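This chain uses plain numbering: 1 for the first residue, then up along the sequence. Atom set for the values below is all heavy atoms of this structure, side chains included, hydrogens, waters and symmetry mates excluded. Being a predicted model, the structure only gives us computed values, none of them experimental. Both counts, for ligands and for their atoms, begin at 1 and track the order of listing.
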Amino acid sequence: MAQFRNSFLLRHDRLLRIRDDFIKEAQAGLRGEKSSCLMMPSMMDVLPNGEETGVFFAVDIGGTNYRVILVSLSETKGEVARFEMEDFAIPEEYFSCHATRLFDLLADSLVTFAKRHGFTGSKTAPVGFCFSFPVKQTAVDAGTMIKLTKKFDNEGLVGCDPVQMLQQAIQRFKSPFKVVALLNDSVGTLAGGSYEDSNCKIGVILGTGTNACYAEQTAKIRTLPKDSRFRAQMVVNTEWGNFWAPTLPITQVDRELDETTPNAGEYHFEKMVSGMYMGEAARRIILRLAEDAQLFGASVPDELRVPWALSTPSLAKIAQDGSWLLSGTAQVLADSLHLPAAHCTFSACSAVKEVCVMVSRRSAAIVAACLAGLLRHIGRDDSGGPMQPTTIAIDGGLFEHYTAYRGFLREYLDQLLGPEVSAMVELKRIRDASSMGSAYLAAAVTSSA
Ligand code: ADP
């Protein structure tokens, strides 16, 4: 346990070095040099400010579900007069069908949804398209899908322009929608945040995966096409999930976990941080403790050997367990790992809880280090002058549902920024941020055209 404590509970000076390494990687990426952070320009050089008016739609796809929404933005700044939303599960066959059918499904749902909510006009309705996959963005409303991720294995997806595909599908339904903005969930989160709050400069996803984007001075982005004309600020997608630096505390447990993933050798930061992996990292440590320190007695329960058996929500329950004699932890171990009660002594439960807290703290600490890096990079700490109030919009199940994690993140930010500067940084949870942000961006793009 002492060995794990040593490598998972990171000292302040280590976090400062991670912060500085993140800044170096980010700046190299912006210059187009080799970097673990791609720092992709989103081409989005406008963000919503609450003054947009009209009716806008959004289509949001990126995981196992997709969503369509309608918002009506009133003349009163920041007021959403009407909001309708519908979620759909993606039917299994659509993960492997030809891409055309997948986009037909999205278009069909959008058209049916709009009709159901009384939108039958022939006037063009702007749509924001949140497409949370690796895309090389070539314009606000155009991009190229780079690679398949998650469960998607559709022919015709890689290399396609998602906007064109959705627009063509919409035309097959002879509907007056126009896809005006293409974005991912982190950009949507930033847009959702900046609609409500002009101090919002960073958007973060902490869910199954993790990513961050922020408002950058366009002049600093050297990877934009020559002679391109943009406004002074543009949203940059860091793809920080792939961040790597020698200071990142990658342990043997992380290396072994990485080897079992389809993208081994990549996305180390995401694998140390996000909801998809935290439970599995904890399971591997608990297994090591069972093998090397007889945590559950002389024999190692077979159930502990099942990969991915401990989910991050279960890890969160254990880490937040305040029950008498940790009976809550024993219950989670019984429910998710099928460990018999006899094995779950108080001392075993204490050790398991300590592991879950350690894994969570490490995640929060390195996210805080990178956030401190981003804040410093955009001049939103006190290193270059007085601190200005700054909001970081955050969406994703890890941040939303794991209360103690939010506390850890705040604690490490306080440590890294100092309490006075940190007090001027608001971590704002934005619900349904990617879909709302997509509609707001559709509005911002339309009104700035
Ligand atoms: P996605 O990132 O897949 O689009 P979400 O933002 O809803 O979707 O995030 C889901 C992820 O959030 C889950 O994979 C899980 O790891 C994490 N999560 C969900 N609930 C909890 C919880 N109670 N505690 C900790 N993590 C959670």
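If you look at Pro313 next to ligand 1, the close heavy atoms, those under 4.0 Å, come from the backbone and the side chain alike.
Residues Glu400 and Arg406 are not paired through a salt bridge, judged by the lack of any N-O separation under 4.0 Å between the basic side chain and the carboxylate. Between Arg255 and Glu259 there is no salt bridge, since no side-chain nitrogen of the basic residue lies less than 4.0 Å from a carboxylate oxygen of the acidic one. Salt bridge present: Asp197 and Lys428 bring a charged side-chain N and a carboxylate O closer than 4.0 Å. Salt-bridge check for Asp381 with Arg376: passed, with a basic side-chain N closer than 4.0 Å to an acidic carboxylate O.
Of the protein's non-hydrogen atoms, the one nearest atom 4 (O) of ligand 1 is Thr208 OG1, 4.8 Å. The shortest contact between atom 9 (O) of ligand 1 and any protein heavy atom is with Gly397 N, 3.2 Å. Ranking the protein heavy atoms by distance from atom 22 (C) of ligand 1 puts His401 CB, 3.5 Å first. Regarding atom 17 (C) of ligand 1, its nearest protein heavy-atom neighbour is Leu398 N, 3.8 Å. Here the heavy atom of the protein found nearest to atom 24 (N) of ligand 1 is Ala316 CB, 3.4 Å. Ranking the protein heavy atoms by distance from atom 26 (N) of ligand 1 puts Thr312 CG2, 3.7 Å first.
Ligand 1 has an N or O atom lying under 3.5 Å from an N or O atom of Gly275, backbone or side chain.
Screening Thr112, Leu70, Val68 against Glu86 for a side-chain contact (heavy atoms from CB on, under 4.5 Å) leaves a single residue, Val68.
Under the 30°/60° scheme for interplanar angles, the aromatic rings of Phe152 and Phe133 are found to stand perpendicular.
Below 4.0 Å from some heavy atom of Gly396 lie the following atoms of ligand 1, by number and element: 6 (O).
Between Trp244 and Phe269, the ring center distance fails the sub-6.0 Å criterion.
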